[in-house]
Amino acid sequence: MTPLSLSFSSLLKNKDSLQKFFNCYNAFQAQHDLPRYFGNRTPWKKGRLWERNFSTVSRSRFVGQVLAEQACTKNYAKEATMCTTTASGQDMTNWLWSIYNETKKQTEALIPVISKNSVNPDTIFANNEMSLGDIEIYGFDYDYTLAFYSRHLHTLIFNIARDILIQEHRYPEGLREYEYIPNFVVRGLHYDVQKALLMKIDAFHYIQLGTVYRGLHPVPDKEVIAMYDGCHVPLENMSDFYGKSSHGHTMKQFMDIFSLPEMNLLCSVNDYFMKHNIDYEPVHLYKDVKEAIGDVHVKGIMYRAVEADIENYISYGQQTHAVLKKLYEDGKKMFLITNSPFDFVDRGMNYIVGKDWRDLFDIVIVQADKPGFFNDRRKPFRRVTDKGVLHWDRIHKLEKGKIYKQGNLYEFLRLTGWRGSKVLYFGDHIYSDLADLTLKHGWRTGAIIPELRKEIKIMNTEECVHLMTWLQGLTGLIEHMQVHRDPASQAVVQEWIEEREAMRSQTKDIFNGQFGSLFRTYHNPTYFSRRLSRFADIYMASLSCLLNYDFHHTFFPRRTPLQHESPFWPEQTSAGALKMPFIPLHNHN
């Protein structure tokens with residue numbers, strides 16, 4: 001009988017069952033030219049853009065489940081006795097801890113393998129299959145897509161908005177004591193306008209306990225549960241489609257990177273009022289802060305400050321230039337649709353690309369008023385000169401080299417004929433930039449998530465790999481051993497549950513001490529992740545990731561097992577996700 005003909009159940013009937021399973025799995029991999037993850041490991045084959053990977057979550061959780069099941073099926077009498085209801089409490093305790101220790105040993109053996117398979121932060125990740133060979137036209141947002149900003153910009157926005165509150169809204173002078181706090185918040189958080197609470201919510205509308213803040217301090221879990229009658233936020237209370245608090249919705253979701261200073265300011269003002277026992281209306285506070293932040297943009301204060309000291313605020317210029325040049329030389333059409341004014345964009349693009357930056361773009365649209373641009377058919381395009389002079393003539397054609405203001409997507413489609421899946425548009429705001437394009441117009445969409453690079457680097461650390469691997473192994477052990485209902489067994493399982501809870505908090509703190517990862521609330525995806533997976537065909541840390549792929553590359557989403565599917569097949573990874581060198585693109589041209 002060949003190893004591959006062994007049934008899974010037959011592998012769990014003797015002392016060496018786990019090793020037999022590993023051997024069978026490795027035999028399967030050897031026959032199919034796949035890397036081995038258990039036992040001796042074959043060398044990586046250099047130059048492959050993709051390879052099969054046995055899911056980290058599946059295999060680590062699998063170890064806990066297999067070892068737990070194995071313990072009750074070994075053939076010697078002592079352990080068989082432990083699985084009966086007649087076993088003494090002490091015997092059950094000793095037996096469960098022996099299984100725990102064996103599970104931990106086997107799980108830790110996986111850590112060196114997982115660490116070597118770290119994820120490349122320059123990878124483009126796919127939610128939906130998409131081929132660059134089908135893309136003829138590339139569109140871009142400007143802020144945090146073509147232009148990336150330093151943290152100095154967040155401090156600038158915070159300080160200006162804080163001073164507007166004091167000078168124009170008569171807020172206390174004492175607020176000047178507050179400064180912008182880097183890394184205090186992450187985007188994607190929800191703010192309860194009526195309760196003045198900032199929090200992280202998962203894809204199922206559940207609040208992640210431990211991430212609810214009033215001002216600059218966490219709210220105790222018991223208080224949160226009492227206020228919300230649990231942890232679930234009803235759909236009618238959630239933010240509207242664009243993340244806004246309107247039409248009865250009490251939650252506001254902060255989705256763009258410019259919102260980090262706004263969240264900081266909300267928390268700071270709340271903190272000041274509470275610290276000084278000042279009675280205030282949370283709804284008024286939210287509206288005043290929103291208006292102050294808006295003034296920083298609308299009144300041009302931020303734009304003038306950045307233009308005056310552009311080297312201090314803009315980064316990543318060379319990489320953006322390289323991407324645009326590569327697309328241009330390949331004959332791709334390109335357009336820019338941004339909410340920013342022309343003077344600001346022109347100053348930034350001169351710095352990033354050079355004075356001839358407009359030669360790269362077929363169409364440039366500024367002050368577009370997204371997301372209204374994608375829905376409101378009433379606003380016509382208006383031509384604007386380099387000096388900001390507005391023309392009154394009707395627009396019959398969108399011409400290269402000219403600048404247009406406002407307009408709407410329906411008129412854009414009529415004038416260009418750029419429809420459907422031959423268009424790929426990049427932006428950082430999942431709602432304002434991407435949602436309508438994919439839902440209503442069939443464009444392909446690419447999300448720029450600058451935080452992705454930092455989170456992947458954290459995921460690749462030994463500390464994170466160790467925590468996540470053992471967390472999943474322990475979860476599998478708890479899931480399997482909870483069936484033992486005697487008091488002694490339940491006491492042991494409860495200890496494991498407490499250890500798991502402590503580890504879950506640790507994994508949150510690795511990414512951000514207050515709110516954790518942008519992408520997960522413990523094991524569930526965040527609400528942000530849910531929207532990202534729905535509205536973005538692909539996502540990446542920056543446009544520079546495109547430099548690693550040729551223009552015929554097809555992106556495939558990983559086929560991760562659904563909950564009812566077997567987790568034991570090898571999985572496909574995103575091209576280049578494992579830290580293997582990309583094949584030089586000139587070898588394929």
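Keep in mind that the numbers below use all heavy atoms, side chains included, and drop hydrogens, waters and symmetry copies.
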Please report the C-alpha distance between Arg162 and Asn264 in whole Å, then the side-chain angles of each, then the deciding distance to 0.1 Å, and finally whether the side-chain hydrogen bond (donor to acceptor under 3.5 Å, both in side chains) criterion is met.
CA-CA 10 Å; Arg162 178 201 60 202; Asn264 256 271; over 6 Å; no
Between Glu177 and Lys275, is there a side-chain N and carboxylate O pair less than 4.0 Å apart?
no
Would you call Glu501-Arg504 a salt bridge at under 4.0 Å N-O?
yes
Over 60° means perpendicular and under 30° means parallel, so tell me whether Phe140 and Phe426 are parallel, tilted or perpendicular.
parallel
Can the ring centroids of Tyr144 and Phe258 be said to lie less than 6.0 angstrom from one another?
yes
Please evaluate residues Phe158 and Tyr178 with respect to the criterion ring-ring contact (aromatic ring centres under 6.0 Å, His included), reporting the C-alpha separation (whole Å), side-chain torsions for both, the decisive distance (0.1 Å), and the verdict.
CA-CA 10 Å; Phe158 178 94; Tyr178 288 85; 8.1 Å; no
Can you tell which of Phe374, Tyr410, Phe412, Phe373 makes a ring-ring contact (aromatic ring centres under 6.0 Å, His included) with His441?
Tyr410
Do the side chains of Ile448 and Met540 get nearer than 4.5 Å, heavy atoms only?
yes
His429 ring center within less than 6.0 Å of Phe535 ring center:
no
Is the centre of the Tyr280 ring less than 6.0 Å from the centre of the His284 ring?
no
Would a 4.5 Å heavy-atom cut-off, applied to side chains only, mark Val269 and Leu285 as touching?
yes
Taken to the nearest 0.5 Å, the spacing of Asp192 CG from Leu198 CG works out to 10.5 Å
Can you tell me which residue among Tyr404, Phe361, Trp443, Tyr138 is in a ring-ring contact (aromatic ring centres under 6.0 Å, His included) with Phe335?
Trp443
Just so I know, are the side chains of Met227 and Val219 near enough to count as touching, which here means a heavy-atom distance under 4.5 Å?
yes
Is Arg453 salt-bridged to Asp122, going by a charged N under 4.0 Å from an acidic O?
yes
Side-chain heavy-atom pair Val185, Tyr213 within 4.5 angstrom cut-off
no
Given the side-chain rings of Tyr549 and Phe555, with only the six-membered ring counted for Trp, is the space between their centroids under 6.0 Å?
yes
